[in-house]
Amino acid sequence: MARHLITSALPYINGIKHLGNMVGSMLPADVYSRYLRQRGHDVLYICATDEHGTPAELAAKEQGLPVDEFCAQAHDAQKAVYDGFALAFDYFGRSSSEQNVEITQHFARRLNENGFIEERAIRQVYSPTDGRFLPDRYVEGTCPHCGYDKARGDQCENCTRVLDPTDLINPRSAISGSTDLEVRETKHLFLLQSKLQHEVEEWVSRHEDDWPQLASSIARKWLNEGLHDRAITRDLDWGVPVPSDTWPELAAEGKVFYVWFDAPIEYIGATKEWADLDPENRDWKSWWYDVDTDVRYTEFMAKDNVPFHTVMFPATELGVREPWKKVDYVKAFNWLTYYGGKFSTSQKRGVFTDQALDILPADYWRYFLIANAPESDDSSFTWEHFTATVNKDLADTLGNFVNRVLSFSKKRFGEEVPAGGEPGEAEAKLGEEIARLLAEYESQMEALQFRKAAAALRALWSAGNSYLEEKAPWLEIKTDKDGAALTLRTAMNLIHLYAVVSEPFIPATSAAMRQAFVLNDDTATWITADEARALTALTPGTPFTVPPVLFAKLTDEDLETYKERFGGSPE
């Protein structure tokens with residue numbers, strides 16, 4: 001089987017992320033990774049904290065910590081939240097690692113040798129009030145293209161256009177708010193993307209038909225507007241240093257690489273971090289170097305990150321003139337909004353991931369977010385929608401099915417799977433329906449269509465309820481005890497099937513369902529079509545226990561509590 005390399009957008013170091021960040025990158029990557037592992041594929045899921053840039057310096061200063069110490073603590077805090085969400089990274093690294101410094105500097109040297117880096121004197125925004133040059137994202141103003149009045153100097157969040165600080169109308173310092181800004185001369189390194197335009201166009205044209213329309217349209221928009229040479233160094237104290245053996249003058253001035261230059265390279269750096277933990281058994285280059293036909297590489301990210309990963313980083317890789325692996329499939333997401341307004345880390349608007357875990361276990365959030373993933377367009381988080389989904393899909397459709405089947409069987413037949421009669425027409429019909437729905441679920445997961453995959457999974461759960469309502473074992477037992485036993489045995493086999501195939505979405509709940517049955521040799525990683533038709537994984541006499549309630553129904557009082565705490569609107 002193919003080897004699958006999977007990465008998700010690197011979460012920035014300055015603070016715990018919100019639900020929109022989770023559903024736009026890390027969570028769907030985790031769901032897909034889990035699915036592929038269950039199907040027997042060799043999977044490496046790599047992510048890391050993105051730790052360089054001015055925001056990290058400012059956040060550290062605000063907390064009175066050295067920036068390296070701040071980043072170490074923030075990395076651990078973020079990792080704890082992702083562990084809480086059961087994100088099964090193979091490795092979660094740090095862009096400040098020695099490995100990333102080494103590989104980033106290697107890339108820069110090779111680009112320079114190949115004529116794709118040039119040193120230029122530029123005029124840059126300087127704030128006398130702040131006593132420093134202002135990096136792009138710490139100059140704010142009005143976007144000249146769409147009029148958004150909170151655009152940053154590197155990119156407009158509203159229209160996603162890439163900007164320079166001097167493009168902004170009425171610019172101001174994002175640190176102090178001062179409009180007393182000057183433009184002073186300084187030297188920086190530029191990546192000559194304009195010289196790579198044709199090569200990037202050829203590369204994108206070979207892939208864009210396979211990508212989601214969102215990813216391909218953003219890449220094509222950038223290319224149609226023309227690639228511009230971009231400054232890839234900054235005047236900061238924290239970052240990957242410009243190597244002194246190649247640019248001694250700039251190194252002496254303390255220049256570091258732009259965070260958007262080193263951050264994508266950290267996917268490779270983090271893989272080396274992973275391999276260096278066990279170098280005898282792990283080969284990082286086997287995933288990244290000269291592996292085009294051996295590894296399928298899938299990236300997950302929200303739409304604001306797409307330009308950098310479909311154009312800028314591929315341009316970097318092409319310019320290095322070495323056979324580094326380039327992405328095969330970019331799974332791009334729109335935005336999850338909060339009551340129609342944007343989640344915002346900087347403005348503390350919406351539900352943040354640590355807060356979510358304080359309220360309810362991870363599986364509530366995992367299922368809701370993937371079932372409503374912003375794939376074809378933006379989707380809105382509301383507490384009303386969240387409560388309704390939890391109650392209908394998780395508590396009623398799945399949780400209630402598991403509880404009533406196991407509780408009723410324990411009451412009438414004891415704590416072992418009952419024998420009952422031979423399967424009949426209803427069981428044959430159910431088996432065909434389950435096999436059909438399982439094939440649909442597999443198809444949508446293979447296509448990375450997560451909302452459709454969630455709908456197929458929900459339909460699998462619903463099929464069990466329909467079967468139970470049709471057979472009505474609580475009535476059947478009055479006239480046909482063996483028939484009722486068969487119905488319950490079949491339903492228990494459905495629970496086992498649900499435990500296996502639901503694991504990518506709700507891993508903790510799947511484990512609880514699976515552990516309800518005492519099986520000595522339960523090694524199933526997936527369910528085949530024939531197994532789905534037969535529904536015989538659990539034989540009569542298999543001991544079982546009734547697990548605690550899988551999903552608690554949320555009440556009107558819960559809804560009002562959540563709305564009071566977080567607000568029922570984005571304002």
Side-chain angles (χ1 to χ4, degrees), residues 34-35 37-40 363 367 393-394 397-423 426-442 445 453 456-468 470-471 473 484-551:
R34 286 176 175 273
Y35 171 77
R37 291 188 191 107
Q38 286 188 266
R39 300 307 304 274
D363 281 0
Y367 176 79
D393 294 358
L394 297 178
T397 304
L398 178 61
N400 186 49
F401 176 80
V402 172
N403 182 264
R404 63 176 175 163
V405 166
L406 296 181
S407 296
F408 184 72
S409 188
K410 177 182 177 181
K411 179 179 179 181
R412 291 307 187 96
F413 295 99
E415 297 181 339
E416 294 182 350
V417 175
E422 293 298 316
E427 286 70 39
K429 176 184 174 184
L430 173 67
E432 290 299 327
E433 178 70 356
I434 293 297
R436 182 187 69 81
L437 291 171
L438 182 59
E440 171 68 12
Y441 178 49
E442 292 171 353
M445 288 292 283
L457 181 60
R458 183 169 57 244
L460 276 166
W461 299 341
S462 295
N465 284 277
S466 297
Y467 169 74
L468 209 61
E470 177 186 348
K471 293 296 293 291
L486 166 65
T487 299
L488 292 168
R489 188 181 81 224
T490 303
M492 289 187 197
N493 273 285
L494 275 177
I495 293 171
H496 181 266
L497 181 146
Y498 296 160
V500 175
V501 303
S502 303
E503 192 264 347
F505 280 71
I506 47 173
T509 306
S510 291
M513 288 191 285
R514 197 155 182 163
Q515 291 163 8
F517 303 102
V518 183
L519 293 172
N520 295 325
D521 57 350
D522 186 13
T523 58
T525 58
W526 200 249
I527 306 296
T528 68
D530 286 342
E531 289 169 338
R533 291 187 183 93
L535 292 173
T536 56
L538 302 177
T539 57
T542 301
F544 73 88
T545 58
V546 181
V549 173
L550 298 180
F551 294 99

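Residue numbers count from 1 along this sequence.
- Residues in residues 503-513 take part in these salt bridge (charged side-chain N to carboxylate O under 4.0 Å, His left out) pairs, two or more places apart or across chains: Arg34-Glu503.
- With hydrogens and angles left out, the side-chain atoms of Glu427 and Tyr467 include a donor and acceptor closer than 3.5 Å.
- Closest heavy-atom contact between Lys471 and Thr487: NZ-OG1, 2.9 Å.
- Smallest separation of non-hydrogen atoms from Pro547 and Ala512: CB-O, 4.4 Å.
- Ala529 approaches Ala435 most closely through the heavy-atom pair O-CB, 4.0 Å.
- With a 4.5 Å cut-off on side-chain heavy atoms, Met492 and Pro418 count as touching.
- When all heavy atoms of Thr397 and Asp393 are compared, the pair lying nearest together is CB-O, 3.2 Å.
- Closest approach of Asn493 to Ala537, counting heavy atoms only: OD1-N, 2.8 Å.
- Within the 3.5 Å criterion, the main-chain N or O of Ile506 finds a donor-acceptor partner in the side chain of Ser510.
- Residues Leu438 and Ala532 approach most closely at CD2-CB, 4.1 Å, considering heavy atoms.
- The side chain to side chain contact (heavy atoms under 4.5 Å, CB included) with Leu494 is formed by just one residue from the set Leu468, Val402, Ile434; it is Ile434.
- By the side-chain hydrogen bond (donor to acceptor under 3.5 Å, both in side chains) test, Ser502 is found to be paired with Trp461, residues two or more places apart in sequence or in another chain being considered.
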